[in-house]
Amino acid sequence: MEHHHQPESRRHPARSNGASPSTEEQGIVFIVDDDFSVRAALEDLLGSIGLNVQSFGTVQEFLDSRRPDAAGCIVLDVRLPGTSGLEFQRLLARSEINLPIIFISGHGDIAISVQAMKLGAIEFLTKPLREQELVDAVQFGIARERTRRQEARRLDGVKERLQSLTPREREVFELVIAGRQSKIIAADLKLSVMTVKVHRSHVMRKMGAKSLIDLARMANSLGIPAQDGT
Amino acid sequence: MKEKTVAAEIRANRAEAELRKLQAGLAHVSRVTTLGELTASLAHEVSQPLAGVVSSADACLHWLAAQPPNVDKARRATERIMRDAKRATDVVARVRNLAKKNPLQRTWVDINETVEETISLATGELTQNNVSLEMQLANNLPRVWADRIQLQQVILNLIINACEALTKVDDGTRKLFVSSASELVGLVLVVRDSGPGIDPEEIEAVFEAFHTTKPSGMGMGLAVSRSIIESHGGRLWAEPNEPRGAIFKFIIPSEKESA
């Protein structure tokens, strides 16, 4: 694989001094590496392309820190005193911290890198790091996390809206999703067709659905099956 | 009669000189062997600061390419590059010193400095094996008249042995304790581990040549270490640690006792 070393200015548009974009906008990178040389260098390097960075010497320090609620990723050394990088990855997989991980290692250990990638690491990079590879991986990680966060926020919204439905509306909602026509729903629930139609329009309005397909998608993301109840 | 005594003395002197040369040669071989065992972790000790150098240089270029250039940040990055390059150079110099075949060279040695230099060579090994190190070095210790490289060799040997012993325990308490102190008889250096310890019946045998518990070892480390300490007029021995593990101690006369 060829890695062209281009002048910095071409790769990243030079930023003016001192401009500090917001964390939410730029994302944040958490560095966990026990070596102070590596830590300081990476912190400065990622900072120089406009990313927000926080660095830690151990996994414990990271866990004890107050981290901003923003899209981010972790640049994680494989070999750490105490909890190792791989152990930490497993720990995170079981926790509610969803940050994507980019592993960095002093050795190109294939067995470890395979293990790390299987557990969902974004990249496994060997030190000394090639700047472009690191930056690409970090930006990919942040973008992925940003998408995940947006998706989670959207889902939260849908859940909230679902909570606002009355029990009757909820019933109608599920039957509509199952593909029943108002007439059938009316018969099933022993209501007039007119009443069902009113409920149905309430459901559409409360859920903020533009169409039946839109509503079906919401149901799908909530895990409500569009089953056929006949 | 007198001639005979002189001749015998000459022969004895020659034999002693030969022996010293052999001992120095053996010490050198043993030292190089130890360094060989450390290759992976020493490479790591050099590559970490080099990784820092590369990324700091990348950062420095960014700061210079900014509009306007951020000279202050660029300077700080350059300072880090200097510091990290020195760090890598120091490791290389220390390895080279240990690997060199030097004639015995005694000087007034600060034992704490020697311990710290040695530890810096073993850091990678300790981290890799998840060993936590605790040091308790006494202040204002008298110096010792010693060959600095040979002392480093002994200390390195004790640390590597302890580290290896510690990898045999899996309950997460891999603690290595190194301390120095001044006592009546001289300077005492203690290396204590919480490994599986040594069988009490074996506690002297570990100092015998070719005694080894590791598949790759030559079994010379402790034998050579003891001969080095004894050639410095000191003693090296082992004791059981409480509740578990081994303690290695050496004592060598300092300038206080020799004065």
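Every chain is numbered from 1, with letters handed out A, B, ... down the list of sequences.
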Taking C-beta and beyond as the side chain, do [X] and [Y] meet within less than 4.5 Å on heavy atoms?
X	Y	result
B/Thr127	A/Asp34	yes
B/Arg80	A/Phe36	no
A/Asp35	B/Arg87	yes
B/Ser55	A/Lys127	no

Give me the atom names and distance for the closest heavy-atom approach of [X] to [Y].
X	Y	value
A/Leu45	B/Asp58	CD1-CB, 3.5 Å
B/Gly52	A/Ala41	O-CB, 3.4 Å
B/His62	A/Ile49	CE1-CG2, 3.1 Å
B/Arg83	A/Ala40	NH2-CB, 4.5 Å

Could you measure the distance from the CZ atom of B/Arg76 to the CG atom of A/Asp44? Nearest 0.5 Å is fine.
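Reported value, rounded in 0.5 Å steps: 8.0 Å.
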OG on A/Ser48 to CG on B/Asn70, rounded to 0.5 Å:
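It is 10.0 Å, given to the nearest 0.5 Å.
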Atom [atom1] of [X] with >12 non-hydrogen neighbours under 6.0 angstrom:
X	atom1	answer
B/Lys175	NZ	no
A/Met117	CE	yes
B/Arg96	CZ	no

